[in-house]
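The structure under discussion appears below in the form of structure tokens.
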Amino acid sequence: MAAISAPLQSEPNLLARLMGRPTSGIGLVVLVVIALAALLAPWIAPYAPVKLSVAHRLEAPSLTHLFGTDDLGRDVFSRMLYAARTSLSVALAVVVFSSIVGIVLGLMAGFFKKLDMPVSRLVDAMMTFPDILLAIALVAALGPTAVNVVMALGIVYAPRLARVVRASTLVIRELPYVEAARALGVPTPVILVRHVLRNIASPILVQGTFIFANAILAEAGLSFLGVGISPDIPTWGTMIAVGRQYMDQAGWIMMFPGAAIVITVLALQLVGDGLRDLLDPRLAKDI
Amino acid sequence: MSAVTEIDRRIETKPLLVVEGLTKHFPARNGRIVHAVEDVSFTVKRGSTVGLVGESGSGKTTAGRVLLRLTEPTSGKALFDGVDLFSLSTAEMRAYRRKLQIVFQDPFSSLNPRLRVSAILGEALDACGFPRGRKRKERIAELLTLVGLSPDHALRYPHEFSGGQRQRIGIARALAVEPEFVVADEPVSALDVSVQAQVLNLLGELQKRLGLTLLFIAHDLSVVEYLCDEVVVMYLGRVMERGPSKLVYAAPRHPYTRALLASAPVPDPTRRRTHVALTGDIASPIAPPSGCVFRTRCPEAIAACAEIVPPTVEIDGGHHVACIRHDGRA
């Protein structure tokens, strides 16, 4: 028992430990670079993302247009930087939204025996729908705005998190320190936050990184299918959707946003894997 | 060994806790019922220590948990200072919670690994409405000193402590609300033998100093003999024998108590005990044997034992036994 609980102490320097592992370290650096690029887009981008230039349509990548230009002569590199802002913030909002819904549902099902049955069946029912199909249906019903895309994807991913939270809560609920709190008469909401939520933070964090990665892909998918955020706002998904028409003449229009998605998702998965290993005391003994 | 029990303790005769017909059933698969605790009655005098003993599966932990309403009883009464704890609403029980506390068996899972000791004790202080600020810091230091730890341990996390130290923190948490009654659920069985004695001494000492009433759950009779004024022996959810420790240890009347005592090593070659070897395992609480639940393993069982549930009879001075052959006859 002592040996298992000992590595838990490492939390304060989690960042340092993530950086110390080659895979998660690379992932983290890549993510930071992408996030900075998105944040600093107005200063980095050589052109305005919506600046049309019919004379320079479908130009191949060159020194003046690093990633080439699209069908309307807009600079692909500049558009990608601005698109990163939308894509990443939508993904982040999806993580936050689905986390709140998923944690509440999961805690309810895991902690209160009477609620387990109805909440778990609801979660199961939601999970029977294919992800993207449910998202399409929801966006189609709500209308294609950024907020609705976030809501739809949040609803799609919340059940996954709810399941993880429920399973972890079932374990924590039976532990003596929760009983001790009950014996002291600590109010249930306080027990849920202080004792349960605090101790299931690791699986939530890890699941969150996976949802983030999935949300980037799903948002791109929705935009590609034409039910995402309106095409005027550049996102990596809309750029690919538009670029698809010029795939054989100007492959760079969809290739670069595609590569951005692949790299971002890969980096997130690396960080997520690293987090999972570091937060699981049984796997973290090498550090 | 029995130095502490010899010291004259001021034990009031008025019982603090009277348990009557405590029964706890758990639902099992196929609509069957686990008879975890069945018709258990005993009394705990104010300021005394009562040992609740029995092997694994005898229902002693469940009995302790039910008394604190950590699980709800199926039936029975628990009169605490005259008030039936089981009839209180959840809100009313909350007010009683600080009068009854528990120390858990496993010192590793009984402390939240993400909280500092100061937060763990602080939660208990919150529960009894202790104000925040400097006084609280002093109180935490005082509690830590009380259980033999240092005040600067307050800023550490549970994993930085040994099992014995963690158990001391668990005791400090239970005592923080100044309870009258403490259930100690096998508080030393998870500890090294060398540490066990320290924690037991601490409990005995605190009990005397703070005038606590203690329900000490254990499977080790020698530990109970050392600490307890009275002992309650449970088997398969039922009380087999109970009474003042001296009487029960000197003259056990139930075959199960005799078997338990015989299995405990005694470091005194002049002391003799009849050797009774128990064979087999404890019966299933889903389908307990008819009549006396112990008859399937009892070396003295006769046909009549399967017929009736043995009534609990008082032999002398509070010594009760539930065995139809307690006087050697059938």
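All chains are named by letter (A, B, ...) in the order of the sequence lines, taking the proteins before the strands, and each is independently numbered beginning at 1.
- Within a 6.0 Å sphere centred on CZ of A/Arg121, heavy atoms belonging to other residues, nucleotides or ligands number more than 12.
- Residues from residues 93-100 of chain B that place a non-hydrogen atom less than 4.5 Å from a non-hydrogen atom of chain A comprise B/Arg94, B/Arg97, B/Leu100, given in numerical order.
- Judged purely by atom type and a 3.5 angstrom limit, B/Asn112 uses its side chain to pair as donor or acceptor with the backbone of A/Arg194.
- The contact list for residues 167-183 of chain B toward chain A, using heavy atoms and a distance under 4.5 Å, reads B/Arg173, B/Val177 by residue number.
- Using a 4.5 Å cut-off between heavy atoms, B/Glu123 contacts chain A through both its backbone and its side chain.
- Contact residues of residues 152-173 of chain A toward chain B are absent (heavy-atom distance under 4.5 Å).
- Between A/Tyr177 and B/Pro113, the shortest heavy-atom contact is CE2-CD, 3.6 Å.
- Interface check for chain B: of the options A/Pro176, A/Pro187, A/Ala180, A/Ala201, the most heavy-atom pairs under 4.5 Å are formed by A/Pro176.
- Looking at heavy atoms from C-beta onward, A/His195 lies out of side-chain contact with B/Arg114 at the 4.5 angstrom threshold.
- At a 4.5 Å heavy-atom cutoff, the contact between B/Leu70 and chain A is made by backbone and side-chain atoms alike.
- Of the listed residues (B/Leu115, B/Asp126, B/Ile120), the one with the most heavy-atom contacts under 4.5 Å to chain A is B/Leu115.
- Residues of residues 207-218 of chain A having a heavy atom under 4.5 Å from any heavy atom of chain B: none.
- When heavy atoms are compared at a cutoff of 4.5 Å, B/Arg69 approaches chain A solely by way of its backbone atoms N, CA, C and O.
- With a 4.5 angstrom heavy-atom cutoff, B/Phe104 touches chain A only via side-chain atoms.
- For the pair A/Leu175 and B/Ser109, the tightest heavy-atom approach, listed with the atom from each and the gap, is CD2-CB, 4.1 Å.
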